[in-house]
Amino acid sequence: MTAPVAKVRLPIARASRQTRAKAANDAVSTETRRKETLLKTGALQNAIFNSANFSSIATDEKGVIQLFNVGAERMLGYTAADVLDKITPAEISDPQEVIARAAALSRELGTTITPGFAALAFKASRGIEDIYELTYIRKDGSRFPAIVSVTALRDDKAAIIGYLLIGTDNSARKHVEETLRWTEESFRLMVESVSDYAIVMLDPEGHVVSWNTGAERIKGYVTEEIVGAHFARFYLQDDVQSGKPQHDLDLAALNGRYEDEGWRVRKDGSTFWANVVFTAIRDQAGSLRGFAKLTRDLTERNKVEAILTNARAIAEKANLAKSDFLSSMSHELRSPLNAILGFAQLLESDVPPATPAQAESIAQILHAGWYLLDLINEILDLAVIESGKLSMSLEPVSLTEIMLECQSMIEPLAQRRGINMTFQHLFEPHSVRADRTRIKQVLINLLTNAIKYNEVGGSVVVDCCASKTAGHVRVTVTDTGPGLPPEKLAQLFEPFNRLGQAGKGEEGTGIGLVVSKRLVELMDGVIGVESAVGTGSVFWVELLSTAPLALPMSKVEAAVVEAIVPAGTHRRTLLYVEDNPANLKLVEKLIARRHDLRLLSAIDGNRGVEIARTCQPDVILMDINLPGISGIEALRILSEDKSTAHIPVIALSANAIPRDIEKGLEAGFFRYLTKPIKVGAFMDTLNVALEISAERHARVA
Amino acid sequence: MPASLEVLGAGILIVDDQQSNLRLLEFVLRRAGYVGVSSTTEPSQVCALHRRDHYDLIILDLQMPHMNGFQVMEELAKGERAVILVLSADPVQMTRALAAGAAGFLSKPFVLAEVVARVQAMLEKTTAARASRRRSRKYAATAL
């Protein structure tokens, strides 16, 4: 610590020199005072000199550095020897800042101040406390921000003998300030750029302080013309007169926040329905600094919502119109087609017969005609499905039966085409939840495709097994056709995307698979395909599995049936309307043992009504869940028709929920029996119904 | 089973606004041996014609201008009982047609053989019913 001591000596030497001048007048007292001063000054000086965190620089009255402490050396990189008696602090300050400060002070104080040390010390020289920020330049040229306090050093007669500049490194604070400034700036930019909301700052009295893009967009004013204006101008005249603007501010100030919805006015005088949220802004002391006002234009939102709703309605209407159009077009096409097919059939069976060439032409007309009908039917099918008007009767269906029926339907086509058809695991008791008619339609479609799009001499394998998805049964149709590349598989279930049309000469509407997919989905199932080019395709359908349907009757039941048979009475007619062959077979077996009864059957409600009108059965047994019209609907038609109203109709349904039974009886069923059939109760009910029927018949006659 | 003479002599009225379909049906039924086949393209005439000629079977189209098949059936229901077979190009209408009182429904285009078979079956039933009514009237007369 030798250097500081060396530095200390200089000012003291000066001071002592002056003290010595005074001593000529008052030697004794001066001597005492000098010692005290020296002691005091020495302690103070030591503290100042040794402070490493503050730079302390003392100059003579002209600004030339006389003292340069440890802190100054550390901060500025100069040693005391580099600067003492050589330079002024102005030379280690940013020259531009010194010039600027000189200019500013000149203006402030109305006198010319030269750039240089005077600019740093002028205020202090006038006895004004002066603390300012400036940039110090280190010996190595690097810079740092500093806060400097300047004090004039005076002698006993108050004459300035020098200046003391105490400085501290301001980098850390500057950094914080910069960060804050940046944050504020980006926040300001963000607010300004928001265009969906008007974000407006108001002063405590309600004058606009800031204005963002959203405000400009929603209200029509640009920043320059609105800042400073009172926000009351955004209100309707009536609201302004009733004092609403101030009222809103008061509420926001009172509660911290206030939300309002109502009409506001744009620059052009037009109004809009707005949601406005005021938030009171307070400083740390709690005094009100202004308000943040957020405004949304709800008219726009309502308009957008209206547009969307409207668009949806239009789309739905268009879709409905499309379905209606398809359905009526299909009708319009069928009428003339009827004449074409009809007269062609007439020619085909005419007497005398047509020549072989004519017969060939007629066959072509008929072939094309029936194909056109298929096409129209499929379009109609699709239209009905897409309009959501298709009714499904989902109930347990035996896949074995369906497969057997499909087999007999499709076998002739396979034989004609020379395709070998195999049904595997045909007799395993798989039951699925499906609509009988529709699942058959789907399988026939898959089978027809597998045959049509196969190689000559190819084969089709149909299999039925438990699916990997628990609780499902999978039916697969595997062909040995050319197969499909992946990009074509994706289009397969899209309407009107028939593949391989070119050059294949194979008829197909391209709607069949689309219809199948929709149908399977309506049965809560899944349809899919896997294919390899050159090997063939596997189409599969997965449906929800149900418990196998019990068909066989026990011997006890058979015996009961025998016992009930009344001998030798005249035969009465029972009509059973049922789409599920398993149930039909059971009732057939029951009735077969009663020689007094003849059984007729219908597989849906419409046919049931037709047969009832034609054959006038004595009793009707009606399933509830039927394809097409329900059993209840069929009952209604029967009871409204004079010719069938008197026939007792017994409901026979798997639906055993009390409410459904009640509903059935309310609808007018004579009795409501539930499946599985309890033979005793079934026969009793049948006998009662037959008696009633006979009575009614006698009355009518 | 071939149709009996009584069936072949039944009165049949065909109602369709399209000449071609009318001609087709007339042709088919005449060829099958029916002699009492008449036709009209005017649905509004049906009731008057039925009152005059008491047809055993009316074959009715549904979609016709001015008066559709349902309106015809409504009118017919007010008068003398008529047995109606609806032939429509709109299979969706089946339920409605049956509910409106049609005894049978076939959709167009049809297979000729099916139309002939259905007409025969319906006429056999009505002529049998007529015969039994005649018989019972006769028995009733004898009893008295």
Side-chain angles (χ1 to χ4, degrees), chain A residues 327-351 366 369-370 372-374 376-377 380-381 383-384 387 389-391 604-616 626 628-630 633-634 636-644 701, chain B residues 16-32 61-64 77 81 83-116 118 121-126 128-129 132-133 136 140:
Chain A
S327 146
S328 69
M329 188 189 73
S330 120
H331 173 266
E332 294 303 319
L333 294 175
R334 290 166 74 98
S335 277
L337 190 55
N338 185 49
I340 296 171
L341 281 170
F343 284 108
Q345 287 177 82
L346 268 180
L347 283 175
E348 191 189 30
S349 54
D350 222 350
V351 185
L366 283 171
W370 290 119
L372 186 56
L373 181 61
D374 283 347
I376 293 165
N377 285 343
L380 183 65
D381 238 5
V384 170
S387 66
K389 286 180 197 154
L390 187 80
S391 67
D604 63 41
N606 287 323
R607 264 168 254 200
V609 172
E610 270 188 284
I611 292 174
R613 283 190 182 145
T614 323
C615 304
Q616 298 283 312
L626 288 167
I629 59 170
S630 73
E633 177 74 8
R636 197 183 56 73
I637 297 171
L638 289 170
S639 60
E640 281 170 8
D641 184 335
K642 265 183 282 176
S643 71
T644 51
Chain B
D16 199 314
D17 62 310
Q18 292 189 4
Q19 274 290 351
S20 58
N21 282 326
L22 220 52
R23 289 272 320 279
L24 175 66
L25 278 170
E26 280 181 32
F27 221 88
V28 169
L29 292 176
R30 295 220 172 97
R31 201 176 69 173
D61 183 26
L62 285 182
Q63 190 160 314
M64 293 176 287
R81 182 178 145 81
V83 179
I84 301 158
L85 171 63
V86 168
L87 279 189
S88 170
D90 191 354
V92 178
Q93 298 295 342
M94 181 174 187
T95 306
R96 214 181 135 202
L98 291 176
F105 186 99
L106 279 177
S107 57
K108 291 185 208 169
F110 39 72
V111 175
L112 298 185
E114 199 179 344
V115 181
V116 173
R118 181 64 73 92
M122 290 178 82
L123 285 173
E124 270 166 4
K125 206 212 128 220
T126 43
S132 97
R133 270 203 302 278
S136 48

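Note on naming: letters A, B, ... go to the chains in the order of the sequence lines (proteins, then strands), and numbering restarts at 1 for each one.
- Options A:L333, A:I611, A:L373 differ in how many heavy-atom pairs under 4.5 Å they form with chain B, and the most are formed by A:L373.
- In this structure, chain B has no heavy atom under 4.5 Å from any part of A:D604.
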*Applying side-chain contact (heavy atoms from CB on, under 4.5 Å), run through A:V609 and B:F105 and close with a yes or a no.*
CA-CA 11 Å; A:V609 172; B:F105 186 99; over 6 Å; no
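- From A:L346, atom CG reaches atom CZ of B:R23 across 10.0 Å, with rounding to the nearest 0.5 Å.
- Put simply, CG on B:L98 and CG on A:N606 are 5.5 Å apart, with the number rounded to the nearest 0.5 Å.
- Interface residue B:K125: only side-chain heavy atoms are found under 4.5 Å from chain A.
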*What's the verdict on side-chain contact (heavy atoms from CB on, under 4.5 Å) for A:E610 and B:R118, showing C-alpha distance, side-chain angles and the deciding distance?*
CA-CA 12 Å; A:E610 270 188 284; B:R118 181 64 73 92; 2.7 Å; yes
*Derivation and outcome, side-chain contact (heavy atoms from CB on, under 4.5 Å), residues A:S335 and B:Q63*: CA-CA 10 Å; A:S335 277; B:Q63 190 160 314; over 6 Å; no
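- Neither the backbone nor the side chain of B:V115 comes within contact range of chain A; no heavy atom of the residue lies under 4.5 Å from a heavy atom of that chain.
- Between A:L341 and B:P109, the shortest heavy-atom distance links the atoms CD1-CB, 3.7 Å.
- Of the listed residues (A:I629, A:D641, A:I637), the one with the most heavy-atom contacts under 4.5 Å to chain B is A:I637.
- For B:F110 against A:N338, the heavy-atom pair with the smallest separation is N-OD1, 3.2 Å.
- Donor-acceptor pairing under 3.5 Å is recorded for the side chains of B:R31 and A:S349.
- In this structure, the portions of A:L337 lying under 4.5 Å from any heavy atom of chain B include both its backbone and its side chain.
- Rounding to the nearest 0.5 Å places CZ of A:R613 at 9.5 Å from CE of B:M122.
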